[in-house]
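Shown next, in structure tokens, is the structure this report addresses.
The first residue of the sequence shown is numbered 1, and numbering continues consecutively from there.
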Amino acid sequence: MEIKGKYAIITGGAGGIGEATAKRFLEEGAAGILLVDLNKENLRRVSQELTDERVITFAADISKSEEVKAYTDYAKEKFGQIDILFLNAGYEGVVKPLTEYPEDIFDQVLAVNVKGVWLGMKYGFPHLQNSGGGSVIITSSVAGLRGTAQMMAYTSSKHATIGAMKVAALEGAPHKIRVNSIHPSPVDNRMMRSLEEGFAPGAGAEVKSGFEKMIPLGRYAKNEEIADLALFLASDRSRFITGAVHVIDGGFCV
């Protein structure tokens, strides 16, 4: 029971990684989980699949200050404390050369992937501090460690989350708040289906095969494997780890 009695918030809670992490947290003794996502219907679906009274949901746009404050305050109201903040929500944008990249989508990607992370910590930190400390986990990407042509917004945003994580780790340390980032290679879920189609419309399977050949272990990551790393960083087993980049990529960046 790695996180027995702890209360967590998971943004992007209706996505593949979010749902898989919620399942792992429940299995390992979480006392309560707030799943946050933009899509109410998807939240309802995931909540029904989990069928656990410890799970509650909140629909929010994580790029909007008032909605982030609302979901963190709601968690505190329902649970009494917050121990784990998994800032997992993300938006891939589109696949376009930088000279053709739409400005509105660029702004949206950075608003979700960078501003959403900052706002989550801005409003989450006080609650974690009142709980005596806790763990913040940020889902970044291997795109934050290298360049990827035609992905200007996403790549830029994921590099930015490393800087945000390191600043937050320094500011959180005096309050026993640990902050770390997770950097997966392609994960076998909805986001990668979108990107595969973006790189080669109508030929996504070929794109997937090409990516898999670039990964020494020969396959995409599973949502559950990312969830296992999030669980480790949420638990006391990682109590002396903060400000660190955690790559989970099957050797992609070697």
Side-chain angles (χ1 to χ4, degrees), residues 2-3 8-28 30 33 35 84-92 112-114 116-117 120-121 134-148 151 154-166 168-169 178-196 207-254:
E2 297 280 353
I3 54 172
I9 295 174
I10 301 175
T11 68
I17 293 173
E19 181 177 1
T21 303
K23 288 178 180 177
R24 291 294 287 125
F25 281 9
L26 292 170
E27 291 167 356
E28 293 297 331
I33 301 173
L35 298 179
I84 302 160
L85 183 57
F86 186 22
L87 300 173
N88 168 66
Y91 174 44
E92 70 272 20
V112 172
N113 295 354
V114 183
V117 166
M121 294 190 290
S135 175
V136 178
I137 307 150
I138 301 168
T139 299
S140 184
S141 168
V142 290
L145 305 172
R146 54 180 293 171
T148 303
M151 293 192 65
Y154 187 77
T155 301
S156 298
S157 72
K158 294 304 183 180
H159 275 73
T161 57
I162 296 176
M165 176 271 291
K166 289 182 177 293
R178 299 183 297 104
V179 187
N180 292 280
S181 56
I182 291 175
H183 298 258
S185 61
V187 182
D188 202 5
N189 58 24
R190 180 214 62 82
M191 182 179 285
M192 280 310 301
R193 299 295 88 80
S194 170
L195 292 172
E196 289 157 4
V207 174
K208 181 181 180 184
S209 178
F211 274 127
E212 288 175 334
K213 290 175 182 176
M214 297 169 64
I215 300 170
L217 290 184
R219 63 172 175 84
Y220 280 12
K222 299 176 182 178
N223 292 314
E224 292 77 12
E225 290 167 331
I226 312 306
D228 285 340
L229 178 54
L231 173 65
F232 169 71
L233 292 173
S235 76
D236 290 339
R237 288 182 182 269
S238 60
R239 59 189 173 273
F240 199 59
I241 300 175
T242 193
V245 168
H246 299 269
V247 182
I248 177 166
D249 69 346
F252 186 74
C253 289
V254 171

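Within the 4.5 Å cutoff, the side chain of Lys208 has heavy atoms near those of the Arg193 side chain. Between Met121 and Leu87, some side-chain heavy-atom pair lies under the 4.5 Å cut-off. Leu231 has its side chain out of reach of Glu27: every pair of non-hydrogen atoms, C-beta onward, lies at least 4.5 Å apart. Taking the side chain as every heavy atom from C-beta outward, Ile84 and Ile3 approach each other to under 4.5 Å. At least one side-chain heavy atom of Pro184 sits under 4.5 Å from a side-chain heavy atom of Ile226. With contacts defined as side-chain heavy-atom distances shorter than 4.5 Å, the pair Asp249/Ile215 does not qualify.
Using a 4.0 Å cut-off between a side-chain N of Lys or Arg and a carboxylate O of Asp or Glu, Arg219 and Asp188 do not qualify as a salt bridge.
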- Query: Yes or no on side-chain contact (heavy atoms from CB on, under 4.5 Å) for Thr21 and Asn88, after CA distance, side-chain angles and deciding distance?
  - Reply: CA-CA 10 Å; Thr21 303; Asn88 168 66; over 6 Å; no
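Contact between Ala89 and Gly12 at its shortest, heavy atoms only, is CB-N, 3.5 Å. The shortest heavy-atom contact between Thr161 and Asn113 is CG2-O, 3.3 Å. The nearest pair of heavy atoms linking Met151 to Leu195 is CE-CD2, 3.7 Å. Here the shortest heavy-atom pairing between Phe252 and Pro216 reads N-CD, 3.6 Å. Closest approach of Tyr220 to Phe211, counting heavy atoms only: OH-CD1, 3.6 Å. For Ser194 against Glu92, the heavy-atom pair with the smallest separation is OG-OE2, 2.8 Å.
Not a single donor-acceptor pair under 3.5 Å links the side chain of Thr139 to the backbone N or O of Ile182. Without hydrogens or angle criteria, Thr242 side chain to Arg178 main chain gives no donor-acceptor distance under 3.5 Å. For Ser140 (side chain) and Lys158 (main-chain N/O), a donor-acceptor pair under 3.5 Å exists by modelled atom type. A donor-acceptor pair under 3.5 Å is formed between the side chain of Asn180 and the backbone N or O of Ile241. Proximity of a side-chain donor or acceptor of His246 to a complementary backbone N or O of His183 within less than 3.5 Å is not detected. In this structure a side-chain-to-backbone donor-acceptor pair under 3.5 Å is missing from Ser181 to Ile138. Put simply, the side chain of Thr148 never gets that close to the backbone of Ala143: no donor and acceptor are under 3.5 Å apart.
Between the CD1 atom in Ile17 and the CD atom in Glu224 there is a gap of 10.0 Å [rounded to 0.5 Å]. Here CG of Asn223 is found 8.5 Å from CD of Glu19. Values are rounded to the nearest 0.5 Å. With rounding to the nearest 0.5 Å, the separation of OG in Ser141 from NE2 in His159 is 9.5 Å. Here the CD1 atom belonging to Ile9 is positioned 13.0 Å from the CZ atom belonging to Phe86, to the nearest 0.5 angstrom. Note that CD1 of Ile137 and CE of Met165 are 12.0 Å apart. Values are rounded to the nearest 0.5 Å.
In this structure, the salt bridge (Lys or Arg N to Asp or Glu O under 4.0 Å) partners of Asp228, at least two apart in sequence or on a different chain, are Arg24.
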